[in-house]
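To keep things clear, I will list the structure first and then write my remarks on it.
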Number of protein chains: 2
Amino acid sequence: MARLPEYLRALHNLAETGHETISSEGLANAAGVNSAKLRKDLSQLGSYGTRGVGYDVGLLIEQIEYVLGLTQRRAVALVGVGNLGHALAGYDGFATRGFRIAALFDADPGRVGEEINGLVVRHIDELPQVAADESIAIGVIATPAAAAQQVADQLVAVGVTSILNFAPCVLSVPPGVDVRKVDLAIELQILSFHEHRKASLTAFPTTGGSALTALPNGFVVTESQEAIGT
Amino acid sequence: MARLPEYLRALHNLAETGHETISSEGLANAAGVNSAKLRKDLSQLGSYGTRGVGYDVGLLIEQIEYVLGLTQRRAVALVGVGNLGHALAGYDGFATRGFRIAALFDADPGRVGEEINGLVVRHIDELPQVAADESIAIGVIATPAAAAQQVADQLVAVGVTSILNFAPCVLSVPPGVDVRKVDLAIELQILSFHEHRKASLTAFPTTGGSALTALPNGFVVTESQEAIGT
DNA sequence: AGGCGCTTGTGAAGACGTGCACAAATCGCG
DNA sequence: CGCGATTTGTGCACGTCTTCACAAGCGCCT
């Protein structure tokens, strides 16, 4: 389930503040979800808490990390060291949450050789050699949209089976390869939609706005703050 | 609907390549969704294509932009000019897709005064004055998790009603304020989960892996490449 | 003018996720 | 040792989203 990482983060917070056990309601609050949903998610894990007491924080962390495959520190290849790629290369959230950026690549010869956070940027053509040394299963694409598909093909060719794509385009990959897409502009556009809806609702509180302003069969958006699918 | 921005991007691509009309199936392919789903989404818009022909690309772009509230260029305030915030401030995808970064803020005096992409970083305490000048409805939080809640409160206090949160924590905001969260590490962890699942499936193809490796009532994940909710 | 092929829009069925409400289980205390 | 307070795990019902399949409509060609 896609909510597990959120639970995991909340659990780490709780562990740091000294909690040894946590009730489903407490954890649900910390993760921003319904407590019944959380219990159902955790029950699917097969892991069990203790009735009357709650869940053992340490044990639950172990379980979730195991299910997420975080017991091994996974090597990630980052392609595209532009504006965004630069920030990603320096983002310590990856290192602290189970991942190791193993190599940086770019197609621009002007960027090759640059050192970021202790890692040297290599040319994308060196990808096969690097992949032969390190077992890289996850690739991150932070290139312009025009280059993304080609990079994806190259990643797949060297055995990458999971791709995190920041380029605003749809990638086509063979079956068995997972792609997750993060489009920052789309996130803002969704917020803009909410803004627009709110504005027209206050303007025409009874009608819900014109047929074009708000959608005919009124989109009622409940629980926000959840940007996770699949 | 949260898929509209994706359609919009695909439509812009089509417009640039000279298409004047597009069938639901063609657009569905470009956006990476099912054609029936796309038709249903568009029919809810109230906008109509022409049977036997398809949708008018230009008209559809107008309609979607209107529904998303992109007819006005929205002003965005970005708080936190660290690693990630720096990249966001320079990300031209915002400017080209309907948004204008109106102001940059940070709490670190050492960063105040720095100029990024033509904008000067101001101290977070100046937020009320800036908000008085410009009508800012959307805020982006790119601070460390420890500061995020406080920043969110400050944003809400000056009238921001939509927040895009990059900090790995849950924000609590009053009703009427929308929050979308993007956690880069979580995206990778979800991919890691897929990796783990794939690895155990190939190891034990018949059983689907041990009860802990893969989930008991096997998660079959279809259609990936969709990271949008709400 | 008429028919044919193509495409939209939508009804209906099915899958899926969500939340309630309660039984089962555990701990602590008298 | 037993009882009550508390919390998990889950059956059930409900609403939403997805997908199929097809009728209605439009343009083009003869």
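Letters A, B, ... mirror the listed sequences (proteins, then strands); counts begin at 1. Fair warning: this is a prediction, and the values are worked out from it, not measured in the lab.
Each of A:Asp41 and B:Tyr55 has a nearest nucleotide on DNA chain C; the 5'-most of these lies closest to B:Tyr55.
Nucleotide D:dT8 holds its P atom 9 Å from the CG atom of A:Leu42, rounded to whole Å. Rounded to whole Å, the distance from CD1 on B:Ile22 to C1' on C:dC6 is 14 Å. A straight line from NZ of B:Lys37 to P of C:dT10 spans 19 Å, rounded to a whole angstrom. B:Met1 places its CE atom 8 Å from the C1' atom of D:dC17, with the value rounded to the nearest Å. Between the CG atom of A:Leu38 and the C1' atom of C:dG19 there is a distance of 13 Å, rounded to whole Å. Atom CG of B:Leu60 and atom P of C:dT8 are 11 Å apart (whole Å). For B:Leu4 and D:dC17, the CG to P distance is 13 Å, given to the nearest whole Å. Between B:Arg3 atom CZ and D:dC17 atom P the separation is 9 Å, expressed in whole Å.
Distances shown here put a side-chain N or O of A:Asn34 below 4.0 Å from the OP1 or OP2 atom of C:dC20. Between A:Tyr48 and D:dT7, a side-chain N or O to OP1/OP2 separation shorter than 4.0 Å is absent. In this model, the phosphate group of D:dT8 is approached by a side-chain N or O of A:Ser24 to a distance below 4.0 Å at OP1 or OP2.
Residue pairs meeting the salt bridge (Lys or Arg N to Asp or Glu O under 4.0 Å) criterion with at least one partner in residues 9-19 of chain A, sequence neighbours excluded, are A:Glu6-A:Arg9.
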Inset, instruction - Indicate for each nucleotide in nucleotides 10-15 of chain D, in 5' to 3' sequence, whether protein heavy atoms under 4.0 Å reach the base (B), only the sugar-phosphate (S), or nothing (-). - result: BBB---
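Counting non-hydrogen atoms of neighbouring residues, nucleotides and ligands closer than 6.0 angstrom, the CD atom of A:Gln149 exceeds 12 such neighbours.
For B:Ser23 (side chain) and B:Gly26 (main-chain N/O), a donor-acceptor pair under 3.5 Å exists by modelled atom type.
Listed by chain and residue number, nothing satisfies the salt bridge (charged side-chain N to carboxylate O under 4.0 Å, His left out) test with B:Glu62 (two or more places apart in sequence, or in another chain). The side chain to side chain donor-acceptor pair (under 3.5 Å) search around B:Arg51 returns none, not counting sequence neighbours. Qualifying side chain to side chain donor-acceptor pair (under 3.5 Å) partners for B:Arg100, counting only residues two or more places apart in sequence or in other chains: B:Glu134. By the salt bridge (charged side-chain N to carboxylate O under 4.0 Å, His left out) test, B:Glu195 is found to be paired with B:Lys198, residues two or more places apart in sequence or in another chain being considered. Contacts of A:Arg97 classified as salt bridge (charged side-chain N to carboxylate O under 4.0 Å, His left out), with partners at least two apart in sequence or in another chain: B:Asp183. For B:Gln154, the side chain to side chain donor-acceptor pair (under 3.5 Å) test picks out no residue, with sequence neighbours left out.
In this structure, the helix from C:dA1-D:dT30 to C:dG30-D:dC1 shows an angle of 0° between the axis at its start and the axis at its end, each fitted on 5 base pairs and rounded to 10°.
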